[in-house]
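Some notes on the structure that comes next.
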Amino acid sequence: MALWSILKVRVRASLRNFQRPLTTIASRVDERVRVRLGEVVGSGNVSSSLAVREQHGRDESFHACKPPDVVVWPENTAQVRQLARICYDHSVPMVPYGTGTGIEGGVVAEEGGVCFDLSRMTDIVDLHEEDLDVTVQPGVTRVALNTHLRHTGLWFPVDPGADASLCGMAATSASGTHTTRYGSMRENVANLEVVLADGRLLHTAGEGRHTRKTSAGYNLTNLFVGSEGTLGIITSATLRLFPQPEAVASAVCPMPSVTAAGECTLQLLRSGVPLARIELLDDVMMDACNRYKGLDYAVQPTLFLEFHGTPASVQEQIRTAEEVLSGYGAGQLRWALAASERARLWEARHQAYYAARALRPGSVGYVTDVCVPISKLPEVITTTKEDLIQSRLTGPIAGHVGDGNFHCILAFSEHGEQERQRITEFCHRLVTRALAVGGTCTGEHGVGVGKRGYLLDEVGETGLEVMRQLKRALDPKGLMNPGKVV
Ligand SMILES: Cc1cc2c(cc1C)N(C[C@H](O)[C@H](O)[C@H](O)COP(=O)(O)OP(=O)(O)OC[C@H]1O[C@@H](n3cnc4c(N)ncnc43)[C@H](O)[C@@H]1O)c1[nH]c(=O)[nH]c(=O)c1N2
Ligand SMILES: CCCCCCC(=O)C(=O)O
Ligand SMILES: [Mn+2]
C-alpha cells in the first residue's frame with residue numbers, strides 16, 4: 001500500500017477512536033440564546049457578523065476556518081461564568097479565544113457555538129514583587145506584562161515569537177527561546193482561575209494562593225496547562241517572575257553542519273553553562289531571514305546564543321562556550337551586546353515563521369513541531385534535512401535546540417494538491433521519527449486539530465482513556481472546544 005494510503009487509513013482509524021463525551025450539542029446558537037448572551041455582556045460586546053466570526057474561526061496556521069456562530073467579549077469573570085452557564089443550559093459549544101496566534105487550529109470552531117474572545121479582560125490584577133509573582137487576566141499579553149514590569153527589575157521569560165495572551169500560552173503550554181534556562185508555561189504557572197463548562201469557578205491551587213511550590217493534592221494547575229480550552233476557560237493566571245539579568249550577551253555563530261550544531265548543543269548543555277538561549281537556524285532558514293530582514297549573516301547552519309548573569313559570570317560562561325564551540329568547527333562569533341543590537345538579532349529569529357513563508361509569496365505555512373530527547377536531536381534533525389531534500393520540499397528549520405525541540409515550515413500554495421500531499425507525508429514521517437526515539441508529536445504548539453491523530457501513539461490507550469475520563473468529569477456534555485485534543 002502506498003504511504004499516502006497507509007496514512008489515510010491510520011488517520012481515519014484514530015478519528016474513529018474519538019469517543020467525544022458529548023451528549024447533545026446544539027448545532028446552532030438560536031435567537032433565544034443570542035439574546036441572553038447579549039443581556040450579560042451588552043450589545044457592544046456580542047457579534048454575529050460574518051467578518052467577525054470568520055476572523056475568530058481560524059488562527060495563524062493553514063488550518064481551515066470554521067467560524068463560531070457568535071462572538072462575545074466578556075469584561076470580567078462574573079460575565080464569563082454567566083455566559084458559560086447559558087451555553088451549558090442550552091448545550092452550546094464554547095471556544096475560548098486569546099489572541100488567535102496559535103498554529104494548530106485550536107480556535108477553529110469545529111462545531112460552531114460561542115467564541116469567548118477574552119481580549120477585553122486586560123487587568124494585571126496582583127503584582128507581588130517581593131514574592132516574584134503576578135496574576136493576570138486573559139487579555140494580558142506577554143509584551144504588555146513585560147512592559148508593565150520594566151521598572152520593577154522583574155520579567156516573565158516565556159516568549160513564543162508572537163505576542164500571545166499569557167492565558168492562551170498557559171492553555172497551549174507554550175514555550176520559547178528562553179525555555180532552556182527558565183522553563184515553559186508548565187514550570188511557570190503557579191495558579192489558574194478557571195470557569196468550568198457549567199459556570200463553576202475553580203482555583204487550581206486554591207483561591208489567593210501563590211507559593212513557589214505545593215504538594216497539596218493533585219496538580220490541577222498543570223492539568224489545565226496545555227488543555228487548549230477543552231476543560232474550561234482560564235480567567236486569570238498566576239505566573240512566576242524572574243529578576244532581569246544584570247548582564248546579557250548574545251551571539252550568532254555559524255556552524256559547519258546541522259549535525260555539528262546539534263552535537264555542539266549537547267556538549268554545551270553538558271558543560272554546565274547555564275545557557276539563557278540556544279537556537280538553531282539551518283542554512284535555508286538563515287537565507288530566508290537574511291532576505292526577509294535585509295541581513296547579511298552567512299548562509300550556513302547557525303546557532304543563536306545568549307548568556308545571562310553578573311558581568312563576571314557572563315564572561316566565564318562565554319569562555320567555556322567558546323572552547324566547546326571551537327571543538328565543533330564553529331566559525332567567527334558575531335556578538336550583540338547593546339540592547340538594541342540584541343533586539344535586532346532576536347527579532348530576526350522570532351520572525352522565522354514569516355521569513356519562511358516569504359520564500360514563496362502568497363503561500364500558506366505548514367508548521368511542524370516535534371521534540372525529542374536532547375541526545376537524539378543531532379540524528380533526528382540530520383535525517384529530517386535529508387528527508388526534505390528527498391521529498392523535494394523547501395522546509396527551513398528553526399529549533400529551540402536546548403530543549404530538543406525544532407520546527408520546519410513548509411510554505412505551499414493552497415492550489416498545489418500534490419505538493420501538499422508530499423508535505424503531509426513528510427510531516428507524518430517526522431512525527432513518527434520523533435515518537436520512535438522517545439519524543440513527542442508536539443513540544444509546544446499543542447495538539448489542536450493538527451496532531452489529534454498522534455495522541456494515541458504517544459500516550460497509549462490507557463493514557464488517552466484517562467485523558468478522556470478527565471474530560472468527561474469536567475465537561476460531561478462535551479461543550480468545551482469540541483473536536484480538539486482528545
Ligand atoms: C510567529 C509565531 C511564532 C510562534 C507562535 C505563533 C506565531 C504566529 N507560537 C504559537 C502561539 O503563539 C502559541 O500557541 C500561543 O500560546 C497562543 O496564544 P493565543 O493567546 O494566541 O491563543 P489562541 O487564541 O491562538 O488559542 C490557542 C488555544 O488556546 C485556547 N485558549 C486561548 N485562551 C484561552 C483561555 N483564556 N482559556 C482557555 N483556553 C484558551 C484556545 O481555545 C485554543 O485552543 C509559538 N508557540 C510556542 O509555544 N513557542 C513558540 O516559539 C511560538 N512561536
Ligand atoms: C521554521 C520556523 C517555524 C516557526 C514556528 C513558530 C515557532 O514556534 C518559532 O519558534 O518561531
Ligand atoms: Mn517555537
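Worth knowing before you read on, the calculation uses all heavy atoms, side chains too, and leaves out hydrogens, waters and symmetry mates. From a predicted model like this one, the values you see are computed outputs, not experimental measurements. Order of listing sets the numbers, starting from 1, for every ligand and every atom in it.
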field: Under 3.5 Å: N/O of Val107 near N/O of ligand 1
entry: no
- prompt: Is a salt bridge present between Glu347 and Lys293, judged by a nitrogen-to-oxygen distance below 4.0 Å?
  reply: yes
task: Check ligand 2 against Val367 and write out every atom of the ligand that is under 4.0 Å from a heavy-atom position of the residue.
output: 5 (C)
- line: For Met285, the ligand 2 atoms with a heavy-atom partner under 4.0 Å come out as 1 (C)
field: Geometric N/O contact Ser173 with ligand 1, under 3.5 angstrom
entry: no
query: Is any N or O atom of Glu228, backbone or side chain, closer than 3.5 Å to an N or O atom of ligand 1?
result: yes
- prompt: Of the choices His400, Arg349, His445, which has the non-hydrogen atom that lies closest to atom 11 (O) of ligand 2?
  reply: Arg349
message: I'd like to know if the side chain of Asp163 reaches the main chain of Val143, judged simply by a donor and an acceptor atom lying under 3.5 Å from each other, with no hydrogens or angles considered.
response: yes
- prompt: Of all the atoms in ligand 2, which lie at a distance below 4.0 Å from a heavy atom belonging to His407?
  reply: 1 (C), 3 (C), 7 (C), 8 (O), 9 (C), 10 (O)
query: Does an N or O anywhere in Asp159 fall below 3.5 Å from an N or O of ligand 1?
result: no
message: Check Lys484 with Glu228, please: is the shortest side-chain N to carboxylate O separation under 4.0 Å?
response: no
query: Do Arg334 and Asp296 sit within salt-bridge range, that is, some charged N less than 4.0 Å from a carboxylate O?
result: yes
- request: In plain terms, say whether Lys385 and Asp282 are close enough for a salt bridge, that is, a side-chain N and a carboxylate O under 4.0 Å apart.
  value: yes
statement: Quick note on ligand 2: atoms under 4.0 Å from a heavy atom of Pro396 include exactly 1 (C)
task: May I ask you to decide whether Arg349 forms a salt bridge with Glu279, counting only side-chain N to carboxylate O separations under 4.0 Å?
output: yes
message: Checking the N or O distance criterion of under 3.5 Å, is ligand 1 in contact with Ile234?
response: yes
- request: Using a strict 4.0 Å threshold on nitrogen-to-oxygen distance, state whether Arg34 and Asp69 make a salt bridge.
  value: no
task: Could you see which bit of Glu444 sits under 4.0 Å from ligand 2, with heavy atoms only: side chain, backbone, both or neither?
output: side chain
message: Rounding to 10°, state the angle centred on the Mn ion (ligand 3) that links NE2 in His400 with NE2 in His407.
response: 100°
Sub-4.0 Å atoms of ligand 2 with respect to non-hydrogen atoms of Ala398: 1 (C), 2 (C)
message: To make sure I understand the geometry: which N, O or S atom in Glu444 is closest to the Mn ion (ligand 3)?
response: OE2
